[in-house]
Student: 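Would you mind keeping the following structure in view while I ask a few things?
Here the structure is a predicted model, which is why all the values come from computation and not from measurement. Count residues from 1 along the sequence.
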Amino acid sequence: MKKRLIVQGQLSDAQLATLEHLFEITQLSKAMSLDAPDNRHYLAEAHGIIGSGLAITPELLDAAPKLEAISTISVGYDNIPVDELTRRGIMLCNTPDVLTETTADTGFTLIMATARRVVELAEWIKADQWQASVGPALYGSDVHGKTLGMVGFGRIGQAVARRGALGFGMKVLYSNASPKPAIEQQLGATRRELDELLAESDFVCVTVPLTAETERLIGAQQFALMKRTAIFINIARGKVVDESALINALENGVIKAAGLDVFEQEPLSASSPLPHMPNVVALPHIGSATHETREAMAQRAVDNIRLALQGEPPISLVNEEVNQ
Ligand code: DGY
């Protein structure tokens with residue numbers, strides 16, 4: 001008998017066909033809660049779940065006693081209670097590596113767009129304001145040669161830093177739980193305590209995962225340490241930042257500008273002041289959202305669940321302890 005798999009995410013026809021060949025598939029729309037009463041009987045029989053933005057709770061796991069593996073189409077898994085999965089012997093697989101460079105591109109897009117006021121000035125032309133050449137009131141800030149402070153220095157943080165150091169001659173500082181000597185040498189990067197990094201950087205770019213330790217890591221106290229000319233970039237998770245402290249810092253000139261791909265509440269409501277501020281570039285969580293990368297992420301997630309349910313080691317297993 002084929003194992004049963006719930007699919008709640010975007011897969012190509014070919015990817016679905018691969019899975020259909022091996023498993024009994026139930027496709028659920030993204031809008032539908034996984035543990036809605038109508039889905040309970042699917043959960044009761046499911047051996048695997050694959051999808052993005054999956055809302056997994058202990059109650060949902062109680063309703064899925066046969067579950068062996070969850071494959072999320074994302075690198076982040078802050079929406080999934082990993083310890084709870086591990087305790088129940090359920091594998092969690094994610095999609096690192098394939099999105100590193102694309103997400104770093106997004107980070108650098110935000111650095112450039114905020115520093116050079118790209119969105120604000122494009123809007124300015126649309127409003128028919130271009131009557132004479134721009135003066136100092138509309139000048140931006142240089143990126144090349146400045147100091148880039150990376151808060152978090154995992155794969156994506158290092159990829160942003162590589163762009164800054166090798167492409168733009170930036171001095172790189174980083175704060176991270178462990179030192180990274182090889183990349184320090186490659187980029188001439190220096191490890192700093194967070195407070196020192198905040199005080200010294202022209203661009204502060206956050207790439208830490210959201211955990212109990214990093215929730216609201218950056219708040220009023222941290223913004224106060226930054227230069228008044230500092231530009232703040234967040235491509236990690238919105239909850240790493242105290243968003244009202246950020247709004248306050250931007251409104252009161254504590255920092256100069258912000259480039260944001262992630263927010264405390266997503267989707268971000270148009271009633272938030274952030275997307276309306278001229279010194280903010282706000283994007284709808286598009287870190288990895290290119291055709292090529294989303295296809296590669298979905299493929300990695302398909303490979304992970306296929307291997308996991310066939311009793312082979314998945315490519316990217318978060319809770320290795322389950323397989324020991
Ligand atoms: C991830 O993979 O965690 C990204 O944030 C989704 O784009």
Side-chain angles (χ1 to χ4, degrees), residues 1-36 38-56 60-61 63-64 66-80 82 85 90-106 155-156 159 209 235 261 266-267 284-320 322-323:
M1 252 223 327
K2 282 178 172 178
K3 288 188 174 173
R4 291 179 178 270
L5 177 63
I6 295 178
V7 176
Q8 191 179 41
Q10 218 141 39
L11 301 180
S12 68
D13 291 347
Q15 288 162 345
L16 265 181
T18 304
L19 293 175
E20 265 160 359
H21 181 67
L22 297 168
F23 309 115
E24 205 68 58
I25 304 285
T26 302
Q27 260 188 291
L28 299 181
S29 90
K30 272 206 84 165
M32 197 173 217
S33 159
L34 262 180
D35 66 352
D38 281 358
N39 295 334
R40 285 280 164 149
H41 59 288
Y42 298 127
L43 277 177
E45 295 302 319
H47 299 93
I49 301 176
I50 180 172
S52 55
L54 296 168
I56 306 290
L60 181 141
L61 296 174
K66 297 185 180 169
L67 203 59
E68 295 171 19
I70 295 179
S71 181
T72 176
I73 312 175
S74 66
V75 66
Y77 46 85
D78 43 276
N79 49 328
I80 298 176
V82 188
L85 261 61
I90 300 169
M91 288 178 265
L92 174 63
C93 309
N94 69 339
T95 64
D97 305 316
V98 291
L99 50 58
T100 300
E101 298 302 325
T102 299
T103 308
D105 286 348
T106 304
R155 299 177 185 86
I156 294 171
I235 54 169
D261 188 41
E266 295 180 9
H285 200 147
I286 58 157
S288 61
T290 65
H291 291 293
E292 299 89 337
T293 295
R294 285 291 166 89
E295 163 80 17
M297 289 166 70
Q299 188 59 48
R300 170 66 65 89
V302 165
D303 292 340
N304 280 334
I305 199 74
R306 177 177 58 74
L307 291 165
L309 294 187
Q310 287 178 323
E312 291 175 50
I315 304 166
S316 347
L317 179 60
V318 173
N319 49 355
E320 299 271 357
V322 171
N323 267 5

Student: Locate the shortest heavy-atom distance separating Phe23 from Ile305; write the atom from each residue and the value.
Tutor: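 Of all heavy-atom pairs spanning Phe23 and Ile305, the closest is CZ-O, 4.4 Å.
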Student: Any chance the side chains of Arg300 and Ser316 put a donor and an acceptor closer than 3.5 Å?
Tutor: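 Indeed, the side chains of Arg300 and Ser316 share at least one donor-acceptor pair under 3.5 Å.
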Student: Kindly write out the residues that satisfy side chain to side chain donor-acceptor pair (under 3.5 Å) with Ser288, not counting sequence neighbours, or none if the list is empty.
Tutor: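 With neighbours one apart ignored, the set is Arg294.
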Student: Say you draw a straight line from CD1 of Ile286 to CG of Asp261; how long is it, rounded to the nearest 0.5 Å?
Tutor: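 Between atom CD1 of Ile286 and atom CG of Asp261 there are 5.5 Å.
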Student: Going through the distances and angles, do Ile156 and Leu99 end up as a side-chain contact (heavy atoms from CB on, under 4.5 Å)?
Tutor: CA-CA 8 Å; Ile156 294 171; Leu99 50 58; 4.0 Å; yes
Student: Once you round to the nearest 0.5 Å, how far does CD1 of Ile235 lie from NE2 of His285?
Tutor: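 Answer for the CD1-NE2 pair, Ile235 versus His285, is 9.5 Å.
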Student: Work out which heavy atom in Leu85 is nearest to a heavy atom in Ile70; give both atom names and the distance.
Tutor: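 So the two residues come closest at CD2-CD1, 3.8 Å.
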Student: So how far is it from Leu5 CG to Ile25 CD1, rounded to the nearest 0.5 Å?
Tutor: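 Nearest 0.5 Å value for the CG-CD1 distance: 4.5 Å.
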Student: Closest heavy-atom contact between Pro96 and Asn94?
Tutor: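 Smallest heavy-atom distance, with atoms named: CD-OD1, 3.2 Å.
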Student: In Å and rounded to the nearest 0.5 Å, what is the CG to CD1 distance from Asp303 to Ile315?
Tutor: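 Atom-to-atom, Asp303:CG and Ile315:CD1 are 4.5 Å apart.
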Student: Could you tell me whether the side chain of Ile90 reaches within less than 4.5 Å of the side chain of Asn319, counting heavy atoms only?
Tutor: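 Asn319 vs Ile90: side chains apart.
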Student: How far apart are the closest heavy atoms of Gln8 and Leu54, and which atoms are they?
Tutor: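 Looking at all heavy atoms of both residues, the closest pair is OE1-CD2, 3.6 Å.
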Student: I'd like to know whether His47 forms a side-chain contact (heavy atoms from CB on, under 4.5 Å) with Leu67, so could you lay out the CA-CA distance, the side-chain angles of the two residues, the decisive distance to 0.1 Å, and finally the verdict.
Tutor: CA-CA 4 Å; His47 299 93; Leu67 203 59; 5.9 Å; no
Student: Hey, mind stepping through Glu68 and Leu309 against side-chain contact (heavy atoms from CB on, under 4.5 Å) and telling me if it holds?
Tutor: CA-CA 7 Å; Glu68 295 171 19; Leu309 294 187; 3.7 Å; yes
Student: For Leu60 and Ala55, which heavy atoms make the closest approach, and how far apart are they?
Tutor: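 Scanning both residues, the minimum pair turns out to be CD1-O, 3.8 Å.
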Student: Determine yes or no for a side-chain-to-main-chain donor-acceptor pair under 3.5 angstrom, with Thr106 supplying the side chain and Gly287 the backbone.
Tutor: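 Checked: pair present.
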Student: Sequence neighbours left out, what passes side chain to side chain donor-acceptor pair (under 3.5 Å) with Glu20? Give chain and number order.
Tutor: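 Once residues adjacent in sequence are excluded, Glu20 has no partner under the side chain to side chain donor-acceptor pair (under 3.5 Å) criterion.
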Student: Tell me the closest heavy-atom pair linking Met91 and Val322, and the distance in Å.
Tutor: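 Nearest heavy atoms, Met91 then Val322: CG-CG1, 3.8 Å.
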Student: Supply the atom-to-atom distance Leu34 CG to Ile6 CD1, rounded to the nearest 0.5 angstrom.
Tutor: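 Here the interatomic distance stands at 6.0 Å.
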Student: For Gln15, give me all partners under side-chain contact (heavy atoms from CB on, under 4.5 Å), at least two apart in sequence or on another chain.
Tutor: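 So Gln15 forms a side-chain contact (heavy atoms from CB on, under 4.5 Å) with Leu11, Ser12, Glu295, Ala298, Gln299, Val302.
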Student: Please test Val98 against Val75 for side-chain contact (heavy atoms from CB on, under 4.5 Å), starting from the C-alpha separation and ending with a verdict.
Tutor: CA-CA 9 Å; Val98 291; Val75 66; over 6 Å; no
Student: Could you list all the salt bridge (charged side-chain N to carboxylate O under 4.0 Å, His left out) pairs where at least one residue sits in residues 5-15, not counting sequence neighbours?
Tutor: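 Applying salt bridge (charged side-chain N to carboxylate O under 4.0 Å, His left out) to every pair that reaches into residues 5-15, excluding sequence neighbours, yields nothing.
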Student: Should Lys30 and Ser52 count as side-chain neighbours, where that means a heavy-atom distance under 4.5 Å?
Tutor: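 Sidechains of Ser52 and Lys30: in contact.
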Student: If you round to the nearest 0.5 Å, how far is OH of Tyr42 from OG1 of Thr26?
Tutor: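 One finds 5.5 Å between OG1 of Thr26 and OH of Tyr42.
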Student: Do the side chain of Asp78 and the main chain of Pro209 share a donor and acceptor less than 3.5 angstrom apart?
Tutor: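 Flag not set: sc Asp78 to bb Pro209 has no pair under 3.5 Å.
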Student: With sequence neighbours excluded, tell me which residues meet side chain to side chain donor-acceptor pair (under 3.5 Å) with Lys66.
Tutor: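 Only Glu45 meet the side chain to side chain donor-acceptor pair (under 3.5 Å) criterion with Lys66.
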Student: Not counting sequence neighbours, which residues clear side chain to side chain donor-acceptor pair (under 3.5 Å) with Thr290? List them please.
Tutor: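 By the side chain to side chain donor-acceptor pair (under 3.5 Å) rule, Thr290 matches Thr293.
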